[in-house]
Amino acid sequence: MENSIDFRLVFSLINGKISTLFRKKISEDFKEAHLEITSEQWDVLLAISMTDTCTQQQLGEATSFSKTTISRLLDGLEEKGLIQRDKSRVDWRANYIRITRKGQVVYNQTRLVAEQALKDILRGLTRNEIAIAQKSLSTIISNMKLLSMNKKREADEADLLLKKRRERLISKLILHKQS
């Protein structure tokens, strides 16, 4: 039996349709529970909750949000008193972010709502189907990271070759001028 690829499903994964629908569901559920937090802010709180403190750069890597988006989300969370930013004593450019007590309370409330939303959208799938989906998505993410690292390595190698070529040309020019 041939395994055919459902390109509509794959395209839904690629264009973010699934994550958009999930974000919409969580946002609606937060609103219904009278929790004044967006799904994007929830992503950031979740990432922070996995560590005691973290930097904005680490949050960007964990959430895949841009630096600008992370900054905006942190501003909103700080305004609500859910996080606190502390300047690094070692690197003046870095801020360490941690959840406040109020933030921990909100995180616990939102986590329960988010877990229920996840259960709702996974309804009808067996544990085995969920495990297969998790394994498959994990493999896809690993493959994409590997491809990205390979492209970066290739670009770095090309830059290094170009730099060496420039250095040789400059050396030849210098030697030519001296003779």
Side-chain angles (χ1 to χ4, degrees), residues 9 12-149 152:
L9 178 60
S12 291
L13 281 169
I14 292 169
N15 75 10
K17 185 174 185 176
I18 292 171
S19 63
T20 300
L21 290 170
F22 186 58
R23 281 188 189 289
K24 184 177 178 185
K25 166 84 172 121
I26 286 178
S27 291
E28 289 169 355
D29 291 356
F30 286 164
K31 195 176 225 177
E32 202 174 284
H34 306 290
L35 298 168
E36 294 183 22
I37 188 170
T38 67
S39 61
E40 291 84 3
Q41 288 173 330
W42 156 250
D43 284 349
V44 173
L45 270 185
L46 176 63
I48 298 169
S49 75
M50 293 180 181
T51 63
D52 288 334
T53 61
C54 58
T55 64
Q56 285 185 223
Q57 183 177 352
Q58 290 168 327
L59 285 174
E61 292 166 5
T63 61
S64 298
F65 290 136
S66 69
K67 288 180 182 181
T68 308
T69 301
I70 287 291
S71 247
R72 181 180 48 79
L73 291 169
L74 290 175
D75 288 345
L77 290 168
E78 192 172 34
E79 259 179 44
K80 293 176 181 181
L82 304 181
I83 60 137
Q84 182 174 335
R85 289 188 242 197
D86 300 314
K87 284 277 185 205
S88 168
R89 293 181 182 148
V90 177
D91 182 357
W92 60 271
R93 297 167 296 176
N95 285 315
Y96 289 104
I97 297 112
R98 63 182 177 81
I99 295 181
T100 62
R101 283 191 181 142
K102 179 181 178 184
Q104 191 61 53
V105 169
V106 170
Y107 168 74
N108 290 337
Q109 293 169 332
T110 53
R111 189 189 77 224
L112 294 173
V113 173
E115 284 174 2
Q116 185 57 51
L118 186 59
K119 286 176 186 174
D120 291 345
I121 67 168
L122 294 176
R123 187 173 297 133
L125 296 174
T126 66
R127 286 185 183 273
N128 190 45
E129 289 169 330
I130 293 169
I132 290 169
Q134 285 177 315
K135 186 176 186 314
S136 299
L137 290 172
S138 179
T139 301
I140 290 169
I141 290 169
S142 294
N143 290 343
M144 290 170 55
K145 285 180 179 178
L146 184 62
L147 289 169
S148 179
M149 286 190 313
K152 183 177 179 353

#### Entry: F65: ring pair (Phe, Tyr, Trp, His ring centres under 6.0 Å) partners, not counting sequence neighbours
none

### Query
Looking at CD1 of I121 and CD1 of I26, how far apart are the two atoms once the value is rounded to the nearest 0.5 Å?
7.5 Å

### Summary
OG1 of T110 to CG of L46, rounded to nearest 0.5 Å, is 8.5 Å

### Summary
Contacts of R85 meeting salt bridge (Lys or Arg N to Asp or Glu O under 4.0 Å) (sequence neighbours excluded), chain-then-number -> D75, E78

### Task
Without swapping roles, check the side chain of K80 against the backbone of K102 for a donor-acceptor pair under 3.5 Å.
no

### Query
Taking all non-hydrogen atoms of both residues, which atom of A117 and which atom of K25 are closest, and how far apart?
CB-CG, 4.0 Å

#### Entry: Set of salt bridge (Lys or Arg N to Asp or Glu O under 4.0 Å) partners for K31, sequence neighbours left out
none

## Note on the structure
Residue pairs meeting ring-ring contact (aromatic ring centres under 6.0 Å, His included), one or both in residues 102-139, sequence neighbours left out, come to W42-Y107

#### Entry: Interatomic distance, L122 atom CG to R127 atom CZ [nearest 0.5 angstrom]
11.0 Å

### Task
Before giving the answer on side chain to side chain contact (heavy atoms under 4.5 Å, CB included), spell out for R98 and I83 the whole-Å C-alpha distance, their side-chain angles and the decisive distance to 0.1 Å.
CA-CA 6 Å; R98 63 182 177 81; I83 60 137; over 6 Å; no

#### Entry: Contact summary for E129 and G124, nearest pair of heavy atoms
OE1-O, 4.0 Å

### Query
Between T55 and I97, what is the shortest heavy-atom contact and its length?
C-CD1, 3.8 Å

### Q109 vs V105 side-chain heavy atoms within contact, under 4.5 Å
yes

### Query
What's the spacing between I132 CD1 and L125 CG if we round to 0.5 Å?
10.5 Å

### Message
Whether the side chain of S138 engages the backbone of Q134 through a donor-acceptor N/O pair (distance < 3.5 Å, no angle test) should be reported.
### Response
no

### Task
Before giving the answer on side chain to side chain contact (heavy atoms under 4.5 Å, CB included), spell out for E40 and R72 the whole-Å C-alpha distance, their side-chain angles and the decisive distance to 0.1 Å.
CA-CA 10 Å; E40 291 84 3; R72 181 180 48 79; 5.8 Å; no

### Query
Charged N to carboxylate O below 4.0 Å: is that the case for R111 and E115?
yes

### Message
For a quick test of reading the model, state the closest non-hydrogen atom pair linking T63 to D43 and the distance between them.
### Response
CG2-O, 4.0 Å

#### Entry: Non-hydrogen atoms of T100 and G81 that approach each other most closely
OG1-O, 2.5 Å

### Summary
Between S71 and Q56 the two heavy atoms that sit nearest each other are OG-NE2, 3.5 Å

### Query
Distance from I37 atom CD1 to L82 atom CG, nearest 0.5 Å?
6.0 Å

#### Entry: F22 CZ: over 12 foreign heavy atoms closer than 6.0 Å
yes

### Summary
Sorted by chain and residue number, the salt bridge (Lys or Arg N to Asp or Glu O under 4.0 Å) partners of E36 (sequence neighbours excluded) come out as none

### Task
Would you indicate whether Q57, at its atom CD, is surrounded by more than 12 heavy atoms from other residues, nucleotides or ligands within a distance under 6.0 Å?
no

### Message
Within this structure, what is the CG-CG distance for the pair L45 and L74, rounded to the nearest 0.5 Å?
### Response
9.5 Å

### Task
Verify side chain to side chain contact (heavy atoms under 4.5 Å, CB included) between V44 and I70, making sure each step is shown before the conclusion.
CA-CA 8 Å; V44 173; I70 287 291; 4.2 Å; yes

### Task
Quick one: list whatever passes salt bridge (Lys or Arg N to Asp or Glu O under 4.0 Å) with R123, sequence neighbours left out.
D120

